[in-house]
Amino acid sequence: MDFKELENLIKENLKDAKVEVSDLTGTGDHLGLKITSNEFKGKNLLAQHRMVMDILKEELKDRIHAVKLKTETYE
Amino acid sequence: MSNPFNIIGQEQTSKGLPYQENAEGLDVKKRIENMISSTPVFLFMKGIPDFPQCGFSANVIAILNSLDIDYRTFDVLSDMDIRQGIKEFSNWPTIPQLYVNGEFIGGCDIITEMYQSGEIQTLLAK
């Protein structure tokens, strides 16, 4: 999966997001993903991760095999 | 690069057992409900506790083993209905999926963070 495309997809949904993508296994489909956004504020961990997983729902069907996700807020 | 999937490292004794199911005539949702209510801690994974078939499942198994608790597992690789059905049931697109007292807690990342923050220990102590 093209990292720039992934970053844009996330930013379309989380306007203020800072996105850091890393390739965990070199195969382009096991991705490390760190997302900073204030949209996560006030939400528990599961709700934050669910927001991201919903954004990646289509990609997770075939182009992304696994995501190691870290969510953060700006403060 | 250290193995991103194995955060625990040392070997542990496992109290995890595959779930023994009798599912004649049950639909997927009912089968899932039976599984997650059969025991306090239930993990949908790829493989079985002694032979996880994916790094993320292995990670959660290592965490559960280090907490020295009983748990049951289901190998989603052995049943496509459950493998697809569990994702719709929890509205979570990946495996593994951990359930505690019938409630979806999260996948590998969330369980790892809850382990590091001590949150999973308190949750399981209840």
Side-chain angles (χ1 to χ4, degrees), chain A residues 1-3 5-7 9-10 12-14 17-75, chain B residues 1-8 36 43-47 52-63 76-77 80 83-123:
Chain A
M1 167 125 204
D2 168 58
F3 291 175
E5 194 188 330
L6 179 63
E7 199 177 319
L9 174 63
I10 292 168
E12 268 163 39
N13 291 274
L14 299 173
K18 185 178 87 181
V19 181
E20 289 158 53
V21 188
S22 58
D23 191 335
L24 292 179
T25 55
T27 53
D29 61 355
H30 287 61
L31 304 179
L33 197 53
K34 187 173 152 192
I35 303 174
T36 309
S37 163
N38 281 342
E39 306 259 350
F40 296 136
K41 267 196 179 163
K43 293 191 169 68
N44 70 27
L45 204 52
L46 178 57
Q48 293 178 30
H49 282 223
R50 200 167 246 151
M51 280 168 71
V52 178
M53 289 308 212
D54 283 346
I55 294 168
L56 302 179
K57 208 165 197 129
E58 285 316 312
E59 278 64 28
L60 278 165
K61 284 186 177 141
D62 44 37
R63 294 165 74 199
I64 302 178
H65 175 68
V67 176
K68 197 161 190 41
L69 182 57
K70 182 86 183 90
T71 52
E72 281 179 356
T73 57
Y74 281 108
E75 275 81 27
Chain B
M1 189 182 87
S2 72
N3 173 353
F5 299 126
N6 186 347
I7 55 142
I8 299 293
I36 60 177
L43 180 69
F44 292 87
M45 65 178 289
K46 288 178 180 171
Q53 297 299 305
C54 114
F56 294 103
S57 291
N59 224 13
V60 175
I61 289 291
I63 288 173
V76 300
L77 298 176
M80 285 311 278
R83 181 174 187 175
Q84 204 39 46
I86 195 62
K87 293 176 182 174
E88 278 141 29
F89 184 86
S90 59
N91 183 25
W92 184 261
T94 57
I95 300 291
Q97 294 189 15
L98 184 69
Y99 289 74
V100 175
N101 303 322
E103 200 199 328
F104 176 54
I105 302 302
C108 181
D109 294 321
I110 287 174
I111 301 307
T112 303
E113 277 196 44
M114 288 174 74
Y115 175 75
Q116 286 157 348
S117 68
E119 212 178 321
I120 197 90
Q121 287 84 338
T122 35
L123 178 68

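Labels below follow one simple rule: chain letters A, B, ... track the order of the sequence lines, proteins then strands, and each chain is numbered from 1.
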Q | side-chain contact (heavy atoms from CB on, under 4.5 Å) assessment of A:K57 paired with B:N91 | A | CA-CA 10 Å; A:K57 208 165 197 129; B:N91 183 25; 2.8 Å; yes
inquiry  = The test is side-chain contact (heavy atoms from CB on, under 4.5 Å); show your working for B:T94 and A:V67 and say whether it passes.
reply    = CA-CA 9 Å; B:T94 57; A:V67 176; over 6 Å; no
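Annotation: the span from B:T112 atom OG1 to A:K70 atom NZ amounts to 11.0 Å, rounded to 0.5 Å. To the nearest 0.5 angstrom, A:L45 atom CG is 7.5 Å from B:M114 atom CE. Taking CG from A:L69 and CG from B:D109, the interatomic distance works out to 5.5 Å, rounded to the nearest 0.5 Å. Taking SG of B:C54 as the reference point, atom NE2 of A:H65 lies at 6.0 Å (rounded to 0.5 Å). The structure places SG of B:C108 at 10.5 Å from NE2 of A:H49, a figure rounded to the nearest 0.5 Å.
Only the side chain of A:L60 has a heavy atom closer than 4.5 Å to any heavy atom of chain B. B:I95 does not touch chain A: none of its heavy atoms, backbone or side chain, sits under 4.5 Å away.
Highest contact tally toward chain B, considering only A:L56, A:T71, A:D54, A:L46, is held by A:L46 [criterion: heavy-atom pairs under 4.5 Å].
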